[in-house]
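Notes follow the structure.
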Amino acid sequence: MKSKINDIIVNFLKHKGINERISYVIEYPKQEEFGDYSTNVAMVLSKRLKKKPHDIAKEFVEFAKDSTLFKNIDIAGPGFINFYINELAIFDEIKLIANNINDYFRPNVNQKKIQVEFVSANPTGPLHIGHGRGAAIGDSIARILRFVGHKVETEYYINDAGLQMRMLGLSTFIRYKQLLGIDENLPEDGYQGEYLVDIAKDIMVEYGDALLNKNEDEAISICQEKAGNVILKDIIDTLKTFRVKFDVFFNEKKLYDSKEVDASIEFLKDKGYIYEKDGAIWFKSTIFGDDKDRVLRKSNAAYTYFASDIAYHKNKFISRNFDEVIDIWGADHHGYVKRMKSAAEALGVDSNKLKIILVQIVNLLRDGQKVSMSTRKAQFVELKDVLKEVGVDAARFMFLSRSVDSHLDFDLEVAKKQTSENPVYYVQYAYARIRNIFRQLDKEYGYDNIDLEKLKSKEEIDLAKSLIKFKDFIIKSEEELEPYFITKGLLEIAEKLHKFYNRIRVIGSNEIKERLFLLNSVAGVIKLGFDLIGVEAKEKM
RNA sequence: GCGCCCGUAGCUCAGCAGGACAGAGCAACGGACUUCUAAUCCGUGGGUCAGAGGUUCGAAUCCUCUCGGGCGCGCCA
């Protein structure tokens, strides 16, 4: 619908001899009395054509008045052009939706090969609620991009080569020794969580006290591997219940084993972006706008994370040839963005192809008090416990009901209530109400010979409009990589459905066929929206 | 100290390539179930868009400063 209006505007511009792009907007007016759509094009053209906005608007109305799309076009305020859509045109759109939902809502895009990397939590402890938000966002973005028609691969990056994993092994080994009666305390920066005691018990079952006889380095390595595997499996299980699936798990270690880290440094060196100072190897990220140069290999010959991250992104872009890579990080990594983009440029990759989404923190509240979270200190609420308490649907919807860059307050006490305070029920209920009507039909009603002109009430027309508008929400969510537009669109449809349901009867009415036809499309669109955010459409509630 | 993000209704947030009287949900208050599920609907109240300047015909939106909050600034990971 929007694009049809845009076509008319573009024709008008051509008619006025303007062929280049002009930055006007077509929007939904805030007030209903200003029509269904509105454009500021007359005001934008005012300066250029040296005419009053009002006069340009008049010319436009004259130009467009023959279109069957509108029942009226108004000029209002300082020169807004307001469009009132013809009901027939609205229901023509509904027919298109009914004909093929996916075709109708899939925007035209050039297919790209896109990787979405998210969660990527080190397997040093269970996932907490903050990871849940990243998981919900990453997974939904992947679903949306896939729906739109891109080739999408989701990936989880495991930092299994660094000191953190070593610390995990050491902490587990100490727990193991404690179980065997050896008095030794965890180091200050060790992992305190109880889950390591359980893992240590498993190790004891498997090895008895044999690890004590091995050299410490080897014993820690065994513990590290065991703990890492157990925790990773736990993470994967949790993600699975959360309906999040990864196509690829990528190990950092692999980048070292395959010498890709060295190769990346060589690659940059050949281009002249590398120098040595104080016994360390540096990357000249300042040429690409970073605040300072960054160390890749320390003077003690150990590589920094940044070195393996460069190799990782070289692997993504060059070895695996992704057209676009989306990294989803926690907001506390924002200082890392410029660095990573510099690295992309240095690798010869247009840094616009690397999209980094910073997901703002989730504030967890318990009894109104903020709970601070730290994996190391084991002060956190596990994602899997939250899922058990509030359910997958509620959790996903809540994570996706705010824009990515706004803080999210997740109050456990409220979330646990499972009352109507949670908007997911509002939408699910709308769907269930429709399904319920269909279940109670006394016979099959075909949709041949239907006369949609019979749907005259405001409730029916508004409901139909909300479906058409949903397309804009999909486009926006895809363009801005913001799944919350989907939840927003769903809430709007649900609102119109409930209003309809309260005022209009379906079963027993003269318009039953037409209304069922409309409701069938509504249910289909809600189902589509739910699919895009990974929420279940319930038949009954 | 430097840099980034943010400050909109009691609470949580939309709106921010400048435009029409500032929006939604929740909470509060008052109504609507012999009806396809009231997990719903209808109505009411509630805001000097942190503050001060500036640009503009027009600023929540752009610029500057102030105040307040969060985060990042390592040869850490």
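Only a predicted model underlies this, so the values are computations on that prediction, with no experimental measurement involved. Quick note on labels: first sequence line is chain A, next is B, and so on, each numbered from 1.
Using a 30° and 60° split on the angle between ring planes, A/F283 and A/Y273 fall in the perpendicular class, above 60°.
Distance from the side chain of A/M43 is smallest for B/G19 among the nucleotides B/C41, B/C75, B/G19. Between B/C41, B/A39, B/A20, one nucleotide has an atom nearer to the side chain of A/M541 than all others, and that is B/A39. Closest to the A/K292 side chain, of the nucleotides B/G74, B/U40, B/C13, is B/G74. Looking at the side chain of A/Y484, the nearest of the listed nucleotides B/A20, B/A77, B/A14 is B/A14. Distance from the side chain of A/W282 is smallest to B/C75 among B/A77, B/U40, B/C75. With distances taken from any side-chain atom of A/K499 to the nucleotides B/G15, B/C71, B/C41, the minimum falls on B/C41. Of the listed nucleotides (B/C75, B/A39, B/C36), B/A39 has the atom at the smallest distance from the side chain of A/Y429. Looking at the side chain of A/H334, the nearest of the listed nucleotides B/C41, B/G3, B/C75 is B/G3.
Checked by distance alone, A/T304 brings no side-chain donor or acceptor within 3.5 Å of a matching partner on the base of B/C75. If you check distances only, the side chain of A/D74 never reaches the base of B/A20 with a donor-acceptor pair under 3.5 Å.
One finds no side-chain N or O of A/Y336 lying less than 4.0 angstrom from the OP1 or OP2 phosphate oxygen of B/G74. An OP1 or OP2 oxygen of B/C75 is reached within less than 4.0 angstrom by no side-chain nitrogen or oxygen of A/K277. Considering only side-chain N and O atoms, A/Y425 lies nowhere under 4.0 angstrom from the phosphate OP1 or OP2 of B/A39. Note on A/S403: a side-chain N or O is less than 4.0 Å away from OP1 or OP2 of B/A14. Phosphate proximity of B/C76 to A/K298: present, with a side-chain N or O under 4.0 Å from OP1 or OP2. The phosphate of B/C42 has neither OP1 nor OP2 within less than 4.0 Å of any side-chain N or O from A/Y501. Using a 4.0 Å cut-off, no side-chain N or O of A/K496 falls inside it from OP1 or OP2 of B/C41.
Comparing the C1' positions of B/C16 and B/G1 gives an interatomic distance of 31 Å, to the nearest angstrom. Taking the C1' atom of each, B/C29 and B/C36 are spaced 31 Å apart, rounded to whole Å. Taking the P atoms as reference points, B/A22 lies 15 Å from B/G45, given to the whole Å. A distance of about 48 Å separates the P atoms of B/A77 and B/A60, rounded to the whole Å.
Taking atom OH of residue A/Y303 and atom C1' of nucleotide B/G74, one finds them 20 Å apart after rounding to whole Å. Residue A/R402 contributes atom CZ, which lies 19 Å from atom P of B/G23 at whole-angstrom precision.
Residue A/A302 is out of contact with every strand shown, counting any heavy-atom pair closer than 4.0 Å. A/K488 comes within contact range of the sugar-phosphate backbone alone, with a heavy-atom separation under 4.0 Å but no base atom that close. At the heavy-atom level, A/R433 lies under 4.0 Å from the strands shown only through sugar-phosphate atoms. Across all strands shown, A/L497 has no heavy atoms under 4.0 Å from either base or sugar-phosphate atoms. No engagement by A/N159 is indicated, since no non-hydrogen atom pair under 4.0 Å with the nucleic acid exists. Base engagement by A/I507 is indicated by at least one non-hydrogen atom pair under 4.0 Å involving a base atom. Within 4.0 Å (heavy atoms only), A/D332 reaches sugar-phosphate atoms of the nucleic acid but no base atom. Using a 4.0 Å heavy-atom distance criterion, A/D290 is classed as making no nucleic acid contact.
From A/F173, atom CZ reaches atom CG of A/L196 across 14.0 Å, with rounding to the nearest 0.5 Å. Once rounded to the nearest 0.5 Å, the distance linking CG of A/D309 with NZ of A/K316 reads 8.5 Å.
Partner of A/Y24 under the side chain to side chain donor-acceptor pair (under 3.5 Å) criterion, chosen from A/N6, A/T39, A/N40: A/N6.
In this structure, A/R402 fails the cation-pi test against A/Y484, since its NZ or CZ atom is not both closer than 6.0 Å to the six-membered ring centre and inside 45 degrees of the ring normal.
Salt bridge status for A/K456 with A/E460: absent, with no side-chain N to carboxylate O gap under 4.0 Å. Here A/D393 pairs with A/K538 in a salt bridge; the nearest charged N to carboxylate O distance falls below 4.0 Å.
Stacking here means ring centres nearer than 5.5 Å and ring planes tilted less than 30 degrees, and by that measure A/F80 does not stack onto B/G19.
An anti orientation is assigned to B/A28, its glycosidic angle lying beyond 90° of 0.
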